[in-house]
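Only one structure is covered here, and it is reproduced in the block below.
Throughout, numbering of the chain's residues begins at 1 and tracks the sequence.
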Amino acid sequence: MELGQIVYSKAGRDSGKYYCVVEIVSEDRVKIADGDLRRIKKAKIKNVKHLQTDGDILPKVADKLKGGQQVFDAELFSALRFYNENKK
């Protein structure tokens with residue numbers, strides 16, 4: 001897992017939605033947000049074994065997160081809109 005990576009939640013109440021990794025807490029836990037119901041300031045800590053990834057990364061969001069710049073919920077939401085509207 002890396003910052004800005006798009007993940008699909010496989011388990012829990014939030015299952016079936018796409019999120020973005022906004023912080024790496026430890027080797028097996030990350031914080032995820034979608035900019036809508038799960039805002040960046042209240043990102044959910046999730047076990048990586050409950051997440052699925054296909055390697056897609058949001059480059060603008062990843063650069064901002066790595067550079068310590070503020071990422072707005074609106075830009076995260078709009079970047080994930082395509083994935084959530086075209087679910088697997």
Side-chain angles (χ1 to χ4, degrees):
M1 295 281 163
E2 62 181 280
L3 293 176
Q5 191 167 26
I6 298 169
V7 292
Y8 180 78
S9 177
K10 299 188 297 185
R13 284 187 273 174
D14 58 359
S15 65
K17 280 190 74 180
Y18 285 92
Y19 295 90
C20 178
V21 175
V22 294
E23 186 180 333
I24 297 173
V25 178
S26 67
E27 189 176 302
D28 60 340
R29 298 208 184 267
V30 294
K31 284 189 177 183
I32 58 171
D34 67 355
D36 184 27
L37 296 175
R38 184 57 69 179
R39 307 258 179 189
I40 293 174
K41 290 196 181 214
K42 290 193 154 221
K44 180 176 181 75
I45 297 175
K46 194 98 167 147
N47 193 324
V48 295
K49 70 180 181 181
H50 296 151
L51 300 171
Q52 176 182 342
T53 181
D54 58 358
D56 287 352
I57 295 176
L58 300 172
K60 290 181 183 177
V61 173
D63 290 342
K64 282 187 170 187
L65 289 169
K66 290 174 185 172
Q69 297 175 323
Q70 183 178 7
V71 178
F72 295 100
D73 289 314
E75 68 182 305
L76 189 58
F77 177 71
S78 64
L80 289 172
R81 180 180 294 147
F82 170 78
Y83 291 92
N84 283 317
E85 287 177 354
N86 300 313
K87 290 182 186 177
K88 290 182 179 180

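- Under the 3.5 Å distance criterion, the side-chain polar atoms of K64 are left unmatched by any main-chain donor or acceptor of G4.
- Between V71 and I40 there is a side-chain heavy-atom pair separated by less than 4.5 Å.
- Smallest separation of non-hydrogen atoms from V22 and A43: CG2-CB, 3.8 Å.
- Remark: K44 pairs with no residue by the salt bridge (Lys or Arg N to Asp or Glu O under 4.0 Å) rule, at least two apart or across chains.
- Considering CG of D63 and CG of L3, their distance stands at 10.5 Å, rounded to 0.5 Å.
- Cluster membership check: F77 does not share its hydrophobic cluster with I57, using side-chain heavy-atom separations under 4.5 Å among Ile, Leu, Val, Met, Phe, Trp and Tyr.
- Here R29 pairs with nothing under the salt bridge (Lys or Arg N to Asp or Glu O under 4.0 Å) rule; sequence neighbours left out.
- By the salt bridge (Lys or Arg N to Asp or Glu O under 4.0 Å) test, D56 is found to be paired with no residue, residues two or more places apart in sequence or in another chain being considered.
- Using a distance-only test at 3.5 Å, with no hydrogens or angles considered, a donor-acceptor pair links the side chain of R39 to the main chain of D36.
- Taking the charged nitrogens against the carboxylate oxygens, D14 and R38 have no contact shorter than 4.0 Å, which rules out a salt bridge.
- Tracing side-chain contacts under 4.5 Å through hydrophobic residues (I, L, V, M, F, W, Y), one never reaches F82 starting from F72; they form parts of separate clusters.
- At a threshold of 4.5 Å between non-hydrogen side-chain atoms, the residues V7 and K46 do not count as touching.
- Remark: I6 CD1 to Y19 OH distance equals 13.5 Å, nearest 0.5 Å.
- Side-chain heavy atoms closer than 4.5 Å link hydrophobic residues (I, L, V, M, F, W, Y) into clusters, and following such links, possibly through other members, connects L65 to V48.
- In this structure, CG on D28 lies 10.5 Å from NE2 on H50, to the nearest 0.5 angstrom.
- Residues V25 and K31 form a side-chain contact, since some pair of their non-hydrogen atoms from C-beta on lies under 4.5 Å apart.
- Nearest heavy-atom pair across S9 and L51 is CA-CD2, 4.0 Å.
- Closest heavy-atom contact between M1 and V21: SD-CG2, 4.2 Å.
- Within a 6.0 Å radius of NZ in K66, more than 12 heavy atoms belonging to other residues, nucleotides or ligands are found.
- If you take SG on C20 and CD on Q5, they are separated by 9.0 Å, rounding to the nearest 0.5 Å.
- Residue-environment remark: CD (E27) stays at or below the threshold of 12 foreign heavy atoms within 6.0 Å.
- Judged by distance alone, with hydrogens and angles left aside, the side-chain atoms of T53 form no donor-acceptor pair with the main-chain N or O of Y8 at under 3.5 Å.
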